[in-house]
Number of protein chains: 2
Amino acid sequence: MHTKEKILLEGMELFATLGYHGASMTKIADRVGLQKSSLYTHYNSKEALFFDVTTKIAADYVEFVKSTFENNGQTTQEKLYFSFQAHVKDLANHDSSIEFYNRFSSYPPKGFEDRVLKILRESEEQARTVFKEEITKAQADGDITEDVSPEEAARAFYGLLDGLSYETSYYDMDIIESHGDSMWKVFWRGVKA
Amino acid sequence: MHTKEKILLEGMELFATLGYHGASMTKIADRVGLQKSSLYTHYNSKEALFFDVTTKIAADYVEFVKSTFENNGQTTQEKLYFSFQAHVKDLANHDSSIEFYNRFSSYPPKGFEDRVLKILRESEEQARTVFKEEITKAQADGDITEDVSPEEAARAFYGLLDGLSYETSYYDMDIIESHGDSMWKVFWRGVKA
DNA sequence: GTCTATACCGAGATAGAC
DNA sequence: GTCTATCTCGGTATAGAC
């Protein structure tokens with residue numbers, strides 16, 4: 001792996017776990033196996049590194065969501081549940097790219113708010129669109145009630161994920177999975193036809 | 001107001017909006033109208049101030065939740081919805097004590113994780129107990145389905161709040177309220193008898 | 001209790017040898 | 001590209017006069 005890629009990867013993990021200020025250039029350099037001054041050969045500033053990571057994370061997230069729906073021959077309930085479970089699994093495992101996404105969606109570094117949120121919000125918008133399309137199909141098939149609009153159902157579904165995201169740094173894996181089950185059960189009861 | 005109380009209040013607001021490291025002693029002192037060195041007359045360290053704030057926030061939150069249920073002569077649905085709306089309102093208004101609670105539940109300052117989470121988790125446990133009691137009563141009255149356990153319903157209800165908390169720093173007030181409506185609608189449909 | 005002055009440290013970033 | 005050395009800034013905290 002090239003040095004620059006390794007910096008990107010270690011930067012992502014440290015930003016995700018320690019936050020922007022907690023992840024010092026010294027710590028990143030240590031993990032890469034360099035002196036901090038050598039990082040500046042590859043990135044002009046810490047800020048430039050951070051935005052490179054942010055852009056990659058946003059693109060990867062959309063791909064992840066799409067991939068969770070690329071299973072043919074399932075019912076809508078199964079597809080939605082599979083996607084939900086895939087999120088729960090990554091959350092419970094403290095996957096660092098998801099942790100990066102959640103941390104900086106909620107708490108972008110001071111001064112970078114607008115630029116960070118623009119990047120992350122656009123990718124979330126794309127992800128939500130994927131959910132909405134699945135729900136619209138399910139309504140057409142009569143699997144989901146007409147009492148709830150696709151927009152409302154998609155928001156409620158995304159709300160489940162947000163709720164679990166919030167709990168990530170709060171609870172252990174088994175608790176998160178258990179909460180996920182409760183939330184899914186109530187959600188599905190709330191939208192099924 | 002005594003100086004120490006004012007430090008506590010301004011500290012809370014700055015910790016909530018800027019985070020632990022973002023809220024420097026200089027900034028806190030500026031808001032109080034003191035030199036930063038004078039803060040040390042009242043608190044031995046920034047850490048001591050932070051934990052004083054954390055303890056107060058945790059106690060206040062439990063009181064807040066209890067207060068949202070102290071309306072007599074309502075149906076369970078109305079009481080739960082009232083509590084939910086009270087949370088939405090504070091979240092949408094970016095009430096700083098709720099922002100403090102959410103920020104440091106998810107991202108406690110490095111080195112303080114165990115002590116901060118212990119304080120905040122205990123208060124959340126108490127709040128969840130309040131919800132569960134209401135739900136148990138509602139089941140006894142036949143307002144909430146027996147298909148879902150009180151524990152599951154309470155977790156799903158708390159999941160709604162967590163999901164909205166997550167969205168707080170992401171969206172504007174009107175969007176949060178709209179998402180809240182969608183989530184409530186699906187939740188109630190999911191638990192009603 | 002509040003002030004000014006200062007010690008001390010770790011952060012981001014740059015210069016220049018190799 | 002990587003290194004050592006260094007600059008500058010802003011942070012927490014302390015000393016001592018008033």
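Worth saying up front: this structure is predicted, and the values here are computed from it rather than measured. Letters go in sequence order (proteins before strands), and every chain restarts at 1.
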Rounded interatomic separation in angstrom, taking [atom1] from [X] and [atom2] from [N]:
X: B:Lys27; N: D:dC9; atom1: NZ; atom2: P; result: 17 Å
X: B:Glu47; N: D:dG11; atom1: CD; atom2: P; result: 19 Å
X: A:Leu39; N: C:dT14; atom1: CG; atom2: P; result: 13 Å
X: B:Lys6; N: C:dT2; atom1: NZ; atom2: P; result: 12 Å
X: B:Tyr40; N: C:dT6; atom1: OH; atom2: P; result: 18 Å
X: B:Lys110; N: C:dG10; atom1: NZ; atom2: P; result: 18 Å

What nucleotide among [options] has an atom nearest to a side-chain atom of [X]?
X: B:Ser24; options: C:dC3, D:dT12, D:dT2; result: D:dT12
X: B:Gln35; options: D:dG11, C:dT4, D:dT14; result: C:dT4
X: B:Leu34; options: D:dT2, C:dA13, C:dC3; result: C:dC3
X: A:Met25; options: C:dG12, D:dT12, D:dT2; result: C:dG12
X: A:Ser38; options: C:dG12, D:dT2, C:dT2; result: D:dT2

Does A:Lys46 count as lying over the ring of A:Tyr20, i.e. NZ or CZ under 6.0 Å from the six-ring centre, within 45 degrees of the axis? yes

On the six-membered ring of A:Phe51, is A:Arg115 placed so that its NZ or CZ lies under 6.0 angstrom from the centre and within 45° of the ring axis? yes

Under 4.0 Å between any heavy atoms, over every strand shown, what does B:His42 touch: base, sugar-phosphate, or nothing? Just pick one. sugar-phosphate

Identify whether any heavy atom of B:Thr41 sits under 4.0 Å from a base atom; if not, whether one sits that close to sugar-phosphate; answer base, sugar-phosphate or nothing. base

Centroid-to-centroid, B:His179 to A:Tyr158, below 6.0 Å? no

Going by modelled atom types, is there a donor-acceptor pair between the base of C:dG12 and the side chain of A:Lys36 at under 3.5 Å? yes

With a 3.5 Å cut-off and heavy atoms only, can you find an N or O donor on one side and an acceptor on the other between the side chain of B:Ser37 and the base of C:dT4? yes

Do A:Ser178 and B:Arg155 have side-chain N/O donor and acceptor atoms under 3.5 Å apart? yes

Closest to the 5' end of DNA chain C, once A:Ser45 and B:Thr3 are matched to their nearest nucleotides, is B:Thr3

pair A:Val62-A:Val65: side-chain heavy atoms closer than 4.5 Å: no

